[in-house]
Novice: 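First, the structure itself, so that you have it in front of you.
Worth knowing before you read on, the calculation uses all heavy atoms, side chains too, and leaves out hydrogens, waters and symmetry mates. From a predicted model like this one, the values you see are computed outputs, not experimental measurements. One-based numbering, in listed order, for ligands and for the atoms of each.
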Amino acid sequence: MLSGKHILLIIGGGIAAFKSLDLIRRLRERGAEVTPVLTRAGAEFLTPLSVSALAGKKVFSDLFDLGDEAEMGHIQLSRVADLVVVAPATADLMAKMAQGHANDLASTLMLATDTPVMIVPAMNVRMWAHAATQRNLATLKSDGILTVGPNDGDMACGEFGPGRMSEPMEVVAAVEAQFSEGPLTGKRILVTSGPTHEPIDPVRYIANRSSGAQGAAIARALAALGAHVVFVTGPADVPPPHGVEVMRIQTAQQMLEAATGALPVDAAVFAAAVADWRVEGAHDQKLKKSKDGLPQLSFAENPDILKTISHLAQDRPPLVVGFAAETNDVLAHATAKRTRKGCDWIVANDVSPGTGIMGGSENAVTLITDEGAEDWPRMGKDEVAVKLAGRIAQVIGDA
Ligand code: CTP
């Protein structure tokens, strides 16, 4: 529920602006007050009348409107809300934000606000992939701007790929997560998840069967308790949860870089199935069949992310949780792994083929701490996540 929450909704100029009308309805259904701001380009796609009718209040659009200024000055407008949502956030709006422009009402509000800002990007796939947009996105993320989407899919311009605006209910979920209060409010938690892909050449890679389901469920459960989750994920089957900060990587080396870049954190959960080896000297051209025989691959050891972060002299998270995927002698192997990796807790599970756990929806785990081993009954991965998040909250939370 969002009752009592005030959202300043900035609607940019893109074909996806029509989704913002439904977003206003959904936010208001949940009790939020929505003050709409329509950019000049936004007004090419939506009429002020339809926005105002759905929001149940007037639309602001002009920085130099004397009437508006007398009613509520733009600085005051930038501060009234609990959250500023920019949907759709066009490439142009993102660029203005990243540069700190203040040449119209929307950009001025974003610069003057002292409340969190969430952007919901929407643009053509090439515009999204362009180095300039990605550079702006990185700047905005490091400025603490929250992002939702974009999604992959068919686009109004006839192309396909990332750039499609998230659906209104996905934005609502992210807004709700932002306001969720719980024992982990104010805590920052790192979660790694999914497999890594280690390239052989530009078209082939080595991977594993991890779906990323357990890591995503843990991130969701921690966010539901109020944590700010930095979710570092390899190419997983399961989409990342809403309301978390997502960092997508491919290889173990990139995962280590992203994870260390996220520090300091109050806790770190390493649920990723990281490839232990990478192909040494991966080819930058596609390997071709040859009469001279089969290609020979040699391997190099990947960094152990859990071990590296557990042994940091500076910025070691106060609680480090590792996973142990084992196929035999689970307890013995996992107990030894806890010592070897230097983490505080190990969540051990049996991933032998008969269990159906790897890639499945259930998990049967044993939690190993310095107090001993605790068997949890077989349950859904979501339930394991909720139970683990609860235990983490007991240790680092304000409960
Ligand atoms: N892990 C990691 N970096 C690696 C390998 C593993 O961070 N390069 C983390 C995993 O995320 C997990 C834990 O270490 O939390 C154990 O992973 P697992 O695959 O079970 O162990 P391995 O290190 O591969 O050990 P072994 O080969 O002995 O099973």
Novice: Could you walk me through whether Lys96 and Asp104 satisfy the salt bridge (Lys or Arg N to Asp or Glu O under 4.0 Å) test, starting with their C-alpha distance in whole Å, then the side-chain angles of each, then the deciding distance to 0.1 Å, before giving a yes or no?
Specialist: CA-CA 10 Å; Lys96 278 182 168 171; Asp104 59 12; 2.9 Å; yes

Novice: Going through the checks in order, is the side-chain hydrogen bond (donor to acceptor under 3.5 Å, both in side chains) test met by Thr90 and Asp92?
Specialist: CA-CA 5 Å; Thr90 59; Asp92 182 59; 5.0 Å; no

Novice: Within the 3.5 Å criterion, strictly below it, is a donor on Thr35 or Lys57 matched to an acceptor on the partner's side chain?
Specialist: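 There is such a pair between these side chains.
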
Novice: Among side-chain atoms of Thr196 and Glu198, is any donor-acceptor pair under 3.5 angstrom?
Specialist: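 Yes, Glu198 and Thr196 have a side-chain donor paired with an acceptor closer than 3.5 Å.
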
Novice: Would you tell me whether Thr47 and Ser50 have side-chain atoms, one donor and one acceptor, within less than 3.5 Å of each other?
Specialist: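 The answer is yes; a qualifying pair exists.
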
Novice: Return the set of residues passing ring pair (Phe, Tyr, Trp, His ring centres under 6.0 Å) with His197 (not counting sequence neighbours), or none when no residue passes.
Specialist: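 For His197, the residues satisfying ring pair (Phe, Tyr, Trp, His ring centres under 6.0 Å) (neighbours in sequence not counted) are Tyr205.
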
Novice: Report all protein residues having a heavy-atom distance below 4.0 Å to some atom of ligand 1; order the list by chain, then number.
Specialist: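 Only Phe270, Ala272, Val274, Asp276, Pro303, Asp304, Ile305, Leu306, Gly322, Phe323, Ala324, Ala325, Lys337, Arg340, Lys341 have heavy atoms that fall under 4.0 Å of ligand 1, ordered by chain and number.
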
